[in-house]
Amino acid sequence: MKFKARMSHVAAGLLALGVASIATYVVAQPAQPKEKVIRIDAKRFDYTPGELTLKKGEAVILELTSRDVLMGFNLPDFNLRADMIPDKVTRVRFVPDKTGSFTFLCDIFCGSKHEEMNGRLTVVE
């Protein structure tokens, strides 16, 4: 019986030490920067905003929504594509990995000026 009692005290001590180590580890981690959220609204033939500037390597959350009809959001240079559903928010996490100027466009036919519906993304260092 004494052996079992000693072992349970040892186990309890090791468990407490492990919990303290984990707590110290979690506390010692640097805070992660909050990701920037960018809302992009679409209505027939227009994105608002139509121009974005982002920093290379910084993650953002794109919140995409359509005000009138089903639309697409396509940023082909980054293999990023999503549907924009009326009155719903589609969230897409995006980390630009190259600099330059890139076009995003609607890839779901939305009417007579569909081909003119696009925007510009600029990624800087």
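As the structure is a computational prediction, the values presented were derived from the model and not from experiment. If you read the sequence from its start, that first residue is 1, and numbering goes on from there.
- Hydrophobic cluster membership differs between Leu105 and Leu121, with clusters built from Ile, Leu, Val, Met, Phe, Trp and Tyr side chains linked at under 4.5 angstrom.
- In this structure, the separation between CZ on Phe102 and CG on Leu80 is 12.5 Å, given to the nearest 0.5 Å.
- Ser112 contributes atom OG, which lies 4.0 Å from atom CZ of Phe45 (distance to the nearest 0.5 angstrom).
- With sequence neighbours excluded, no residue forms a side chain to side chain donor-acceptor pair (under 3.5 Å) with Thr90.
- Remark: Phe109 engages His114 in a ring-ring contact (aromatic ring centres under 6.0 Å, His included) (not counting sequence neighbours).
- Applying the side-chain contact (heavy atoms from CB on, under 4.5 Å) criterion to Pro49, with sequence neighbours excluded, gives Ile40, Leu52.
- Shown here are the side-chain contact (heavy atoms from CB on, under 4.5 Å) partners of Arg67, two or more places apart in sequence or in another chain: Asp41, Lys43.
- Here side-chain hydrogen bond (donor to acceptor under 3.5 Å, both in side chains) pairs that include residues 45-62, with residues two or more places apart or in two chains, are Asp46-Thr48.
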Step by step, would you call Phe78 with Val123 a side-chain contact (heavy atoms from CB on, under 4.5 Å)?
CA-CA 11 Å; Phe78 294 91; Val123 182; 4.2 Å; yes
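- Between the OG atom in Ser66 and the CE atom in Met84 there is a gap of 6.5 Å [rounded to 0.5 Å].
- For the side chain to side chain donor-acceptor pair (under 3.5 Å) test, no residue two or more places apart in sequence or in another chain qualifies with Thr99.
- Every residue meeting the salt bridge (charged side-chain N to carboxylate O under 4.0 Å, His left out) condition with Glu35, not counting sequence neighbours, appears here in chain and number order: Arg93.
- Not counting sequence neighbours, the partners of Asp83 by the side chain to side chain donor-acceptor pair (under 3.5 Å) test are Arg81.
- Residues Leu62 and Val95 do not share a hydrophobic cluster, defined by chaining ILVMFWY side chains whose heavy atoms lie under 4.5 Å apart.
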Audit row: Ile85, Leu64, side-chain contact (heavy atoms from CB on, under 4.5 Å) steps and yes/no
CA-CA 8 Å; Ile85 301 167; Leu64 308 169; over 6 Å; no
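- Other cluster members for Ile61: Val37, joined by side-chain heavy-atom distances under 4.5 Å among Ile, Leu, Val, Met, Phe, Trp and Tyr.
- Around NZ of Lys98, the count of heavy atoms belonging to other residues, nucleotides or ligands within 6.0 Å exceeds 12.
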Enumerate donor-acceptor pairs with a distance under 3.5 Å from any side-chain N or O in residues 68-77 to protein atoms, sequence neighbours excluded.
unit_1 : atom_1 : unit_2 : atom_2 : d
Asp68  : OD1    : Arg44  : N      : 3.4
Asp68  : OD2    : Arg44  : N      : 2.9
Asn74  : ND2    : Asp107 : OD2    : 3.2

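- Residue pairs meeting the salt bridge (charged side-chain N to carboxylate O under 4.0 Å, His left out) criterion with at least one member in residues 109-122, sequence neighbours excluded, do not occur.
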